[in-house]
**Student:** 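One structure follows; several queries about it will come next.
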Amino acid sequence: MKAFMVFCLLISTCLLSACTGLFNKDTILDIVKDKYQIDDTVKSSVNQDDTAMIFLAKNQSIDDVSKALQKEKKPDRASNRVDNKKVLVYENYFVTLTKDDKDPKDTNIEVATYGFVRDNYRPSFFDGLLAYYILDNLFDVDDWHRKQGRRCYATNGCYQGYNHSGGHYKGPGSKPLFRSSSIRGGGPNAGK
């Protein structure tokens, strides 16, 4: 009887551990918040709920931070490192790793919502990192790079990564070109 109870307790513990692992789905933002010091937050010019949170990894290279984050949570996509930039794409966030301008031994970790990236980033920031058709698919916007590129050119105000735009970024201040919903509004006389 004692052996049976120990066996049942062991099985219960294993099942509980497995279930906890299934339900413990920390986002990459949670992981970065636990491991690194927050340095700044940049709000979207279109939707204040969309942000880019900037963290600082002291005395760690882009490659070191990339390996550590990918070990904690596998990204959906990972770019190569190009011009001291690397992008990891997760379910709800873009993680951009760049060398810190103030101290090249440090790495900036920018965790931005899809909405922030879609509505604020200059498409050329991703040259060599992610193909435009991938970005079009991620944002569910047909020809995102051309539309956003025109918007950036017209307003001369798109985000170019934290080192370049920083916390002073205010954005183009114009309405977004992209719908965040496929439902079209309007009344009986509205053109569709």
**Student:** State which residues pass side chain to side chain donor-acceptor pair (under 3.5 Å) with E91; sequence neighbours excluded, sorted by chain then number.
**Tutor:**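 E91: no side chain to side chain donor-acceptor pair (under 3.5 Å) contacts found.
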**Student:** First locate atom CZ of R118, then atom CG of N47, and finally report the distance between them rounded to the nearest 0.5 Å.
**Tutor:**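 Interatomic distance, R118 CZ to N47 CG, rounded to 0.5 Å: 8.5 Å.
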**Student:** Going from CG on L130 to CG on N80, what distance comes out if it is rounded to the nearest 0.5 angstrom?
**Tutor:**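 Going from CG on L130 over to CG on N80, the span is 10.0 Å.
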**Student:** So, does T51 use its side chain to make a donor-acceptor pair with the main chain of M53 at under 3.5 Å?
**Tutor:**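 No; judged by distance alone, with no hydrogens or angles, the pair does not exist.
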**Student:** Taking all non-hydrogen atoms of both residues, which atom of F125 and which atom of K85 are closest, and how far apart?
**Tutor:**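 Reported closest heavy-atom pair: O-NZ, 2.9 Å.
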**Student:** Does L129 share a hydrophobic cluster with V141, counting links as ILVMFWY side-chain heavy atoms below 4.5 Å and allowing steps through other members?
**Tutor:**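 L129 clusters together with V141.
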**Student:** Measure the shortest side-chain to side-chain distance between F55 and K33 over non-hydrogen atoms and say whether it is less than 4.5 angstrom.
**Tutor:**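 Contact flag for F55/K33 side chains = yes.
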**Student:** Would you please indicate yes or no on a ring centroid separation below 6.0 angstrom for F116 and Y159?
**Tutor:**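 Yes.
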**Student:** Is there a side-chain contact between Q148 and F139, using heavy atoms and a 4.5 Å cut-off?
**Tutor:**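 Q148 vs F139: side chains apart.
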**Student:** Restricting to ring-ring contact (aromatic ring centres under 6.0 Å, His included), what partner residues turn up for Y132, sequence neighbours left out?
**Tutor:**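 Once residues adjacent in sequence are excluded, the partners of Y132 under the ring-ring contact (aromatic ring centres under 6.0 Å, His included) criterion are H145.
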**Student:** Pick out which of V89, N92, D50 makes a side-chain contact (heavy atoms from CB on, under 4.5 Å) with Y114.
**Tutor:**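 The side-chain contact (heavy atoms from CB on, under 4.5 Å) with Y114 is passed solely by V89 among V89, N92, D50.
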**Student:** Report the distance from atom CG of L88 to atom CG of D76, rounding to the nearest 0.5 Å.
**Tutor:**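 Taking CG in L88 and CG in D76, the distance rounds to 10.5 Å.
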**Student:** Taking CG in N59 as the centre, count heavy atoms belonging to other residues, nucleotides or ligands within less than 6.0 Å. Is the count above 12?
**Tutor:**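 Enclosed.
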**Student:** How close do R122 and C152 get, counting heavy atoms only, and between which atoms?
**Tutor:**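 R122 and C152 have their closest heavy atoms at NH1-CB, 3.7 Å.
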**Student:** For the residue pair W144 and F126, categorise the inter-ring angle as parallel (less than 30°), tilted (30 to 60°) or perpendicular (more than 60°).
**Tutor:**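 Perpendicular.
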**Student:** Can you find a heavy atom in the side chain of Y90 that is under 4.5 Å from one in the side chain of L69?
**Tutor:**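 Yes; the side chains approach each other to less than 4.5 Å.
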**Student:** Among the clusters formed by ILVMFWY side chains lying less than 4.5 Å apart, do L97 and I38 turn up in the same one?
**Tutor:**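 Hydrophobic grouping puts L97 with I38.
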**Student:** So if you build clusters from Ile, Leu, Val, Met, Phe, Trp, Tyr with side-chain heavy-atom gaps below 4.5 Å, do I31 and V95 land together?
**Tutor:**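 Hydrophobic grouping puts I31 with V95.
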**Student:** To the closest 0.5 Å, what do you measure between CG (L29) and NZ (K73)?
**Tutor:**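 Interatomic distance, L29 CG to K73 NZ, rounded to 0.5 Å: 11.5 Å.
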**Student:** Test of understanding: clusters of I, L, V, M, F, W, Y form through side-chain heavy atoms closer than 4.5 Å, transitively. Do V111 and Y121 belong to the same one?
**Tutor:**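 No, V111 does not connect to Y121 through the hydrophobic network.
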**Student:** Membership question, hydrophobic clusters at under 4.5 Å side-chain separation (ILVMFWY): are V117 and V87 in the same one?
**Tutor:**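 Linked, V87 and V117 end up in one cluster.
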**Student:** Of T98, V65, T107, I62, which meets side-chain contact (heavy atoms from CB on, under 4.5 Å) against K86?
**Tutor:**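 Exactly one candidate clears the test, I62.
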**Student:** Could you grab the distance from atom CD1 of I109 to atom NZ of K35, nearest 0.5 Å is fine?
**Tutor:**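 Taking CD1 in I109 and NZ in K35, the distance rounds to 9.0 Å.
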**Student:** With sequence neighbours left out, which residue pairs that include part of residues 54-70 fulfil the salt bridge (charged side-chain N to carboxylate O under 4.0 Å, His left out) condition?
**Tutor:**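 Applying salt bridge (charged side-chain N to carboxylate O under 4.0 Å, His left out) to every pair that reaches into residues 54-70, excluding sequence neighbours, yields K58-D106, D63-R81.
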**Student:** Hey, does Y93 have a side-chain heavy atom less than 4.5 Å from the side chain of T113?
**Tutor:**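 The answer is yes; the side chains approach within 4.5 Å.
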**Student:** Test Y162 against every option in D101, D40, N108 by the side chain to side chain donor-acceptor pair (under 3.5 Å) rule and name the one that passes.
**Tutor:**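 Going through D101, D40, N108 one by one, the side chain to side chain donor-acceptor pair (under 3.5 Å) with Y162 is satisfied by D40 alone.
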**Student:** For the atom pair CG (L138) and CG (L135), what is the distance rounded to the nearest 0.5 Å?
**Tutor:**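 L138 CG to L135 CG: 6.0 Å, rounded to 0.5 Å.
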